[in-house]
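The next block holds one structure in the form of C-alpha cells; read it before the comments.
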There are 2 protein chains.
Amino acid sequence: MPVQPAEHGSLAADWEPRGEADCRVRTIMDRVGDKWSVAVVTELTAGPRRFSELKRALPGINQRMLTSTLRVLERDGLVTRTVYPQVPPRVDYELTGLGRTLLDTVASLLDWAERNADGIDEARRRYDARG
Amino acid sequence: MPVQPAEHGSLAADWEPRGEADCRVRTIMDRVGDKWSVAVVTELTAGPRRFSELKRALPGINQRMLTSTLRVLERDGLVTRTVYPQVPPRVDYELTGLGRTLLDTVASLLDWAERNADGIDEARRRYDARG
DNA sequence: CAGCATCCGCTCAGATACTG
DNA sequence: CAGTATCTGAGCGGATGCTG
C-alpha cells in the first residue's frame, strides 16, 4: 500500500480477489504500520497544527514524508486541511471526529506496546542467545 | 524493520538515537503493519495449528513468508514452536499468553477498521472526485 | 511435511533541489 | 511558509528450487 498517492507508476489496483473486507481493512492497518501516520495523528491530539509545527514536532521526518502522510490522512477523512490565503501561506491540519476515534483505538495498542516492551526485549534476547 | 531475521546483509543496528522507547514501540507497531503477522495470530486464536494448516488457512501466503513471520512472532515471545520428532515431521505453533493479550488489543483495532471502512471509502471517493 | 537458499521486482522512504 | 519534482539505496515480499 503506497503512502504516496499515485507517485509514478503505482497501479494500485491489481489485488487478488480474497475477501473484499480484508482488502479495505488492510489499507487501514497499513496506516498504523507505516512510519509516520500514528506519530502525526498523535501530534494532532492537542489541537490544530501548522505544517511547520508538525515538522518541528517530529524530528527525523522530512517535507516529502510529512506532506504525503498528511495527504493520505486527509484523503481517508482522518484529518482536515485548512488553507489561509495569506502571504506567507499558512495551512492548518486538524483531526476529524473519525481521526479522534482512531487515535483512541491506537492509543490502547501503543499502551500495550509500552507495557510489554520489556518482556518482548527479554524474549528476543533469549531467542538470540540460543535457538 | 525487516520481517526476515538477518536475510543477507541486515545490519539491524544503525538507528538514529531518538527516544529509546520510541524505537522499541516501533518494532511492535511494525508487526501490526506487516502483511501477515496479524492474520497469523488471528488464525492461532482457536488453538495450536500445524505449519501446513496455517498455510492452507492463509490463502496467498507462501512458505517463505509464513516461516519468517512465525520466526519473528516466536522471537518476540508471542508464539511457541513445538517440534514433534517424527517422520514426516510435525511442528505446532501456539499463541503464548502475551500473544493472546496482543490479539485482544489488535482485535479492537480491526473492529474499528471494519466499522469505519465504509466511511473511509466514502471520504476517499470525495477526495478523489475533487481536491 | 516443514523448512532453507537464492534471485528479483517493486515501492517505501530519505536526500536534495526548486517554486508560488 | 508550504509545498512539488526527481533521484536513489534499501529491504519487503513473491517465486522457485532443493533438502532432511
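Sequence lines set the chain letters: A, B, ... in the order given, protein chains first and strands last, and positions in each chain run from 1. Since the model is a prediction, treat every value here as computed from it, not as a measurement.
Remark: C1' of dG3(D) and CE of Met65(A) are 15 Å apart, rounded to the nearest angstrom. Here dG3(C) presents its C1' atom at 14 Å from CG of Leu54(B), a figure rounded to the nearest Å. At whole-Å resolution of the value, CG in Asp30(B) and C1' in dC12(C) are 12 Å apart.
At the heavy-atom level, Tyr93(A) lies under 4.0 Å from the strands shown only through sugar-phosphate atoms.
Of the listed nucleotides (dG13(D), dC1(C), dG3(D)), dG3(D) has the atom at the smallest distance from the side chain of Arg81(A). For Arg71(B), the listed nucleotide lying nearest its side chain is dC4(C); candidates were dC4(C), dG3(D), dA2(D). When the nucleotides dG14(C), dC4(C), dT4(D) are ranked by their closest atom to the side chain of Trp36(A), dG14(C) comes out on top. Looking at the side chain of Gln63(B), the nearest of the listed nucleotides dA2(D), dG3(C), dG13(D) is dG3(C).
Projected onto DNA chain C by closest heavy-atom contact, Gly33(A) and Pro89(B) fall at different nucleotides, the more 5' of which corresponds to Pro89(B).
Between the side chain of Arg64(A) and the base of dA13(C), at least one donor-acceptor pair of N or O atoms lies under 3.5 Å.
Of the inter-residue distances, the one linking Gln63(B) atom CD with Leu54(B) atom CG reads 12.5 Å to the nearest 0.5 angstrom. Separating the CE atom in Met65(B) from the CG atom in Leu70(B) is a distance of 10.5 Å, to the nearest 0.5 Å.
Contact check, Lys55(A) against dC1(D): no side-chain N or O comes under 4.0 Å of OP1 or OP2.
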